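Comments concern the structure below.
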Amino acid sequence: MKTVLIVEDEPMNFRVFSKILTKRGGLNVKGTEDVEEVMKIAQAGDADIILMDVSLAHSVYKGKPVDGIKITQMLKADAQTSNLPIILVTAHAMDGDRENFLKQSGADGYICKPVVDHQQFVDQILALLPKDD
């Protein structure tokens, strides 16, 4: 079973995403906003894809506040985790944000909150999951 790591600072969003992904997508779900833990899980290969909230209010890495863009950049820059698909999730859905965030972060996809179409949400994630050989 594939595992989705949800990096989200809002417990309600985590619960909603988690429920949709396990019920509709048949996926395993892990969640944390602890940056050290995100890096560990990614480097250990314990996640097949990451859903990354863009604006993480409480995330700190090596003493500095970081957001989802920065964490994505760190993961994409690390040879061990550079191929791990990352989908940004954000409520910031202004014109141009999608392209900006994707370009800045190197992420593989982008989903706007709130998630209204649950099937489309699951389909977007399944489409980016690595296929089993």
Side-chain angles (χ1 to χ4, degrees):
M1 192 186 281
K2 298 286 187 188
T3 299
V4 180
L5 173 58
I6 302 175
V7 184
E8 169 66 66
D9 60 356
E10 178 52 58
M12 189 59 178
N13 286 338
F14 174 76
R15 281 198 299 276
V16 170
F17 294 162
S18 188
K19 192 174 222 170
I20 296 169
L21 293 172
T22 52
K23 291 239 187 326
R24 281 192 183 234
L27 297 162
N28 250 339
V29 174
K30 291 181 180 200
T32 184
E33 61 172 308
D34 179 311
V35 186
E36 303 274 344
E37 198 176 343
V38 171
M39 302 308 270
K40 263 193 216 118
I41 291 169
Q43 287 165 345
D46 291 340
D48 298 292
I49 192 165
I50 297 178
L51 274 189
M52 180 74 68
D53 185 14
V54 170
S55 35
L56 297 164
H58 316 292
S59 293
V60 175
Y61 188 66
K62 294 185 178 171
K64 294 189 179 83
V66 291
D67 60 8
I69 302 283
K70 182 68 186 150
I71 300 167
T72 301
Q73 288 169 342
M74 294 184 325
L75 289 165
K76 290 297 183 182
D78 181 338
Q80 243 184 313
T81 55
S82 62
N83 292 329
L84 184 61
I86 300 174
I87 300 177
L88 299 176
V89 185
T90 182
H92 301 289
M94 306 291 287
D95 276 350
D97 277 355
R98 179 178 206 275
E99 293 71 21
N100 260 345
F101 287 150
L102 286 172
K103 201 163 102 188
Q104 273 179 26
S105 66
D108 303 280
Y110 181 95
I111 294 174
C112 290
K113 288 191 273 196
V115 169
V116 183
D117 184 333
H118 293 182
Q119 193 56 52
Q120 184 188 11
F121 175 67
V122 170
D123 291 345
Q124 277 181 281
I125 291 160
L126 293 176
L128 282 173
L129 270 172
K131 306 287 175 256
D132 290 324
D133 296 333

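For clarity, every value in this text was computed on a predicted model and none was experimentally measured.
The two residues Thr72 and Ser105 come nearest to each other via the heavy atoms CG2-O, 3.5 Å. Shown here for Gln124 and Tyr110, the closest heavy-atom pair between the two residues is NE2-O, 3.5 Å. Met1 and Leu27 make their closest contact through SD-C, 3.8 Å (heavy atoms, listed as atom of the first residue, atom of the second, distance). When every heavy atom of Asp9 is checked against every heavy atom of Ser55, the shortest pair comes out as OD2-O, 3.4 Å.
At a threshold of 4.5 Å between side-chain heavy atoms, the hydrophobic network of Ile, Leu, Val, Met, Phe, Trp and Tyr places Ile41 and Leu56 in one connected group. One hydrophobic cluster, built from ILVMFWY side chains closer than 4.5 Å, holds both Met74 and Val54. At a threshold of 4.5 Å between side-chain heavy atoms, the hydrophobic network of Ile, Leu, Val, Met, Phe, Trp and Tyr places Val38 and Ile6 in two separate groups. Ile111 and Ile69 fall into different hydrophobic clusters, where Ile, Leu, Val, Met, Phe, Trp and Tyr side chains are chained together by heavy-atom contacts under 4.5 Å. Cluster membership check: Leu129 shares its hydrophobic cluster with Phe17, using side-chain heavy-atom separations under 4.5 Å among Ile, Leu, Val, Met, Phe, Trp and Tyr.
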Walk me through it: do Met39 and Tyr61 pass the test side chain to side chain contact (heavy atoms under 4.5 Å, CB included)? CA-CA 10 Å; Met39 302 308 270; Tyr61 188 66; 4.1 Å; yes
Carefully, step by step, assess Thr3 and Asp48 under the rule side chain to side chain contact (heavy atoms under 4.5 Å, CB included). CA-CA 5 Å; Thr3 299; Asp48 298 292; 4.0 Å; yes
After noting the C-alpha distance and the side-chain angles of Ile20 and Val122, does the key distance pass the side chain to side chain contact (heavy atoms under 4.5 Å, CB included) rule? CA-CA 7 Å; Ile20 296 169; Val122 170; 3.5 Å; yes
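With a 6.0 Å radius and a threshold of 12 heavy atoms from other residues, nucleotides or ligands, Asp95 has its CG atom at or below the threshold.
Distance check, rounded to the nearest 0.5 Å: CG of Asn13 to CG of Asp53 gives 7.0 Å. The structure places CD1 of Ile50 at 5.0 Å from CG of Leu75, a figure rounded to the nearest 0.5 Å. One finds the CG atom of Asp67 at 9.5 Å from the CE atom of Met52 (value rounded to the nearest 0.5 Å). For the atom pair Arg24 CZ and Ile125 CD1, the distance stands at 12.0 Å (nearest 0.5 Å). Rounding to the nearest 0.5 Å places CG of Asp108 at 7.5 Å from CD1 of Ile49. Here the CG-CG distance, from Leu128 to Asp123, works out to 11.5 Å after rounding to the nearest 0.5 Å.
Under the 3.5 Å distance criterion, the side-chain polar atoms of Lys2 are matched with a main-chain donor or acceptor of Pro130. Under a 3.5 Å cut-off, the side chain of Lys76 and the backbone N or O of Leu84 do form a donor-acceptor pair. Checking side-chain atoms of Glu8 against main-chain N and O of Phe14 turns up no donor-acceptor pair under 3.5 Å. At least one donor-acceptor pair under 3.5 Å links the side chain of Ser59 to the backbone N or O of Glu33.
Between the side chains of Gln104 and Asn100, no donor-acceptor pair is found at a separation under 3.5 Å.
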